[in-house]
Amino acid sequence: MAQRYQWFVRASFLLFFIYLYFFAVAPFRFILLNVFLGYIPIELAFHFDQLKPQPAILFWLLVVLWLLFYPNAPYMLTDLFHLSMLRPYDPTTGLIRFSLRMWLAYANLIVAALSCTLLGFWSMAHTIQAVVSRLQLPDTTLVKTSLTIGVTLLTSIGIFIGRFLRMHSIYLILEPTKFIKPLLDMWQPRMLIFVFLMTLIQLIIYVCLQLFKLSTPNMLEPAKKQTTKD
């Protein structure tokens, strides 16, 4: 991502943080913390290009940090369940209520989930590309797809840990021994089904984004050729 776009993303998230701090409506004030955690892997991914001349230890430290924090980005998809707290349906009519406060909370949550998830997918693709280049792996679709599936699977496990065991990434760093037993006990059929579903959801969104990315240049190509002829 070009530097100007990186700074645009940083500025946009900063403004969003300030907005949420002052204007996030109850009961969704937790969005500020979740968006901040979801932004961390995006910011970390910005620095891979800057580490090319640096020692490998710094590069792999960044990869590990990114891997620990990345689940916080698609984790925002599960926050959409909190929309039920708005009680959007009027019990007398059965129709959705028109409450500005409700729709403001809805907009805040949707923007938070989409921005963190979609830019999080960019950070995953960028990180995988950096790892492929560093390890001098074949830069093929098969290799990058395999890594994407592997990372997404680990991410779904991380989302389960955060959603159901209530462990944030920072706690796994500060107090890892406290969570050893819960992590060992969580491998149950329901957990595996959840991981499968979250992996499937993420991969479907990711594939849709890749199809859009691959098809857009083809759509613009005739216009470019016409411009060249003129």
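One is the number of the first residue; the rest follow in order along the sequence. Remember, predicted model here, so these are calculated numbers, not experimental data.
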Colleague: Distance alone, cut at 3.5 Å: any donor-acceptor contact between the side chains of T155 and Q202?
Modeller: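 On atom types as modelled, these side chains do not qualify, holding no pair under 3.5 Å.
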
Colleague: Under 3.5 Å, which donor-acceptor pairs link side chains of residues 107-122 to any protein atom two or more places apart or in another chain?
Modeller:
unit_1: N108; atom_1: OD1; unit_2: Y19; atom_2: OH; d: 2.9
unit_1: N108; atom_1: ND2; unit_2: L104; atom_2: O; d: 3.4
unit_1: S115; atom_1: OG; unit_2: V111; atom_2: O; d: 2.7
unit_1: S115; atom_1: OG; unit_2: A112; atom_2: O; d: 3.2
unit_1: T117; atom_1: OG1; unit_2: A113; atom_2: O; d: 2.7

Colleague: Assess R10 against W7: is NZ or CZ under 6.0 Å from the centre of the six-membered ring, and within 45 degrees of the ring's axis?
Modeller: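 Yes.
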
Colleague: Carefully, step by step, assess L58 and L62 under the rule side-chain contact (heavy atoms from CB on, under 4.5 Å).
Modeller: CA-CA 6 Å; L58 294 180; L62 187 61; over 6 Å; no

Colleague: Are there more than 12 heavy atoms of other residues, nucleotides or ligands under 6.0 Å from atom CZ of F8?
Modeller: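 Open: at most 12 neighbouring heavy atoms sit under 6.0 Å from CZ of F8.
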
Colleague: Would you indicate whether R87, at its atom CZ, is surrounded by more than 12 heavy atoms from other residues, nucleotides or ligands within a distance under 6.0 Å?
Modeller: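 Count not over threshold, so no.
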
Colleague: Are F28 and F23 in one and the same hydrophobic cluster, where Ile, Leu, Val, Met, Phe, Trp and Tyr link if side-chain heavy atoms are under 4.5 Å apart?
Modeller: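 Yes; F23 is reachable from F28 via cluster members.
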
Colleague: I want to know whether F59 and F48 have ring centres closer than 6.0 Å.
Modeller: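 Judged by ring-centre distance (under 6.0 Å), F59 and F48 do meet the cut-off.
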
Colleague: So for atom CZ, which belongs to F30, do other residues, nucleotides or ligands contribute more than 12 heavy atoms lying within a distance under 6.0 Å?
Modeller: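 Counting other residues, nucleotides and ligands, CZ of F30 exceeds 12 neighbours.
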
Colleague: Please report the C-alpha distance between I201 and Y206 in whole Å, then the side-chain angles of each, then the deciding distance to 0.1 Å, and finally whether the side-chain contact (heavy atoms from CB on, under 4.5 Å) criterion is met.
Modeller: CA-CA 9 Å; I201 290 170; Y206 184 79; over 6 Å; no

Colleague: Is a side-chain donor or acceptor of R29 paired with a backbone partner of A24 at a separation under 3.5 angstrom?
Modeller: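 Indeed, once roles are kept as given, a pair shorter than 3.5 Å links the two residues.
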
Colleague: Would you say W66 and M124 make side-chain contact, with heavy atoms under 4.5 Å?
Modeller: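 The answer is yes; the side chains approach within 4.5 Å.
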
Colleague: Does any part of the side chain of F69, heavy atoms only, come nearer than 4.5 Å to the side chain of V64, both counted from C-beta?
Modeller: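 No. Closest side-chain heavy atoms not under 4.5 Å.
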
Colleague: Quick one: do the N72 and N34 side chains pair a donor with an acceptor below 3.5 Å?
Modeller: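 Checked: N72/N34 side chains show no N/O donor-acceptor pair below 3.5 Å.
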
Colleague: Under the side-chain contact (heavy atoms from CB on, under 4.5 Å) criterion, do V63 and L44 qualify, and how do the steps go?
Modeller: CA-CA 8 Å; V63 170; L44 290 174; over 6 Å; no

Colleague: Side chains of L33 and L37, heavy atoms from C-beta outward: is any pair under 4.5 Å?
Modeller: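 L33 reaches L37 side chain to side chain.
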
Colleague: Determine, using ring centers only, whether F46 and H126 are less than 6.0 Å apart.
Modeller: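 Here the rings of F46 and H126 have centres that are no less than 6.0 Å from each other.
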
Colleague: So, taking the atom named CD1 in I159 and the one named CE in M198, what distance separates them when rounded to the nearest 0.5 Å?
Modeller: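 Result: 4.0 Å between the selected atoms.
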
Colleague: Look at atom CZ of F196 and say whether more than 12 heavy atoms of other residues, nucleotides or ligands are closer to it than 6.0 Å.
Modeller: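 No - once you tally the heavy atoms of other residues, nucleotides and ligands closer than 6.0 Å, there are 12 at most.
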
Colleague: Measuring only between side-chain heavy atoms, which start at C-beta, is K144 closer than 4.5 Å to L137?
Modeller: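 The answer is no; the side chains never approach within 4.5 Å.
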
Colleague: Answer yes or no: is there a donor N or O on one side and an acceptor on the other, between the side chain of S123 and the main chain of I42, under 3.5 Å?
Modeller: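 Here the side-chain-to-backbone pair does not exist.
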
Colleague: V131 versus R134: any side-chain heavy-atom pair under 4.5 Å?
Modeller: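 Counting from C-beta outward, V131 and R134 never come under 4.5 Å.
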
Colleague: Test of understanding: clusters of I, L, V, M, F, W, Y form through side-chain heavy atoms closer than 4.5 Å, transitively. Do Y21 and F17 belong to the same one?
Modeller: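 Cluster IDs for Y21 and F17 match.
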
Colleague: Could you tell me the separation between the CD1 atom of I128 and the OG1 atom of T148, rounded to the nearest 0.5 Å?
Modeller: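 Spacing of CD1 (I128) from OG1 (T148) equals 3.5 Å.
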
Colleague: Assert yes or no for the condition that the ring centre distance of Y39 to F16 is strictly below 6.0 Å.
Modeller: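 Distance test on ring centres: not under 6.0 Å, no.
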
Colleague: With distance as the sole test, does T145 use its side chain to make a donor-acceptor pair with the main-chain N or O of L142 at under 3.5 Å?
Modeller: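 Flag not set: sc T145 to bb L142 has no pair under 3.5 Å.
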
Colleague: Out of curiosity, M102 CE to M85 CE, how far, rounded to the nearest 0.5 Å?
Modeller: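 So the CE of M102 and the CE of M85 are separated by 14.0 Å.
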
Colleague: Output the distance between atom CH2 (W187) and atom CZ (F160), rounded to the nearest 0.5 Å.
Modeller: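 W187 atom CH2 to F160 atom CZ measures 9.5 Å (nearest 0.5 Å).
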
Colleague: Hydrophobic clusters here meaning ILVMFWY residues chained together by side-chain heavy-atom distances under 4.5 Å, can you tell me if L147 and V207 are in one?
Modeller: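 Shared cluster, no.
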
Colleague: What are the two closest non-hydrogen atoms of P138 and V132, and how far apart are they?
Modeller: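 Looking at all heavy atoms of both residues, the shortest contact is O-CG1, 4.1 Å.
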
Colleague: Got a second to check how far I149's CD1 is from L153's CG, nearest 0.5 Å?
Modeller: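 Between atom CD1 of I149 and atom CG of L153 there are 9.5 Å.
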
Colleague: Can you tell me if Y106 has over 12 outside heavy atoms packed within less than 6.0 Å of its OH?
Modeller: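 Not more than 12 within 6.0 Å, no.
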
Colleague: F194, L197: one ILVMFWY side-chain cluster at the under-4.5 Å cut-off?
Modeller: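 Cluster IDs for F194 and L197 differ.
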
Colleague: Please round to the nearest 0.5 Å and tell me the distance separating atom CZ of R97 and atom CG of L95.
Modeller: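 Result: 12.0 Å between the selected atoms.
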
Colleague: Flag yes if L77 and F81 sit in one hydrophobic cluster, no otherwise; membership is Ile, Leu, Val, Met, Phe, Trp, Tyr, and two members link when side-chain heavy atoms are under 4.5 Å apart.
Modeller: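 No; tracing contacts between hydrophobic side chains, which count when under 4.5 Å, never links both residues.
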
Colleague: Is there a side-chain contact (heavy atoms from CB on, under 4.5 Å) between M191 and V195 once you walk through the steps?
Modeller: CA-CA 6 Å; M191 175 267 187; V195 168; 3.8 Å; yes

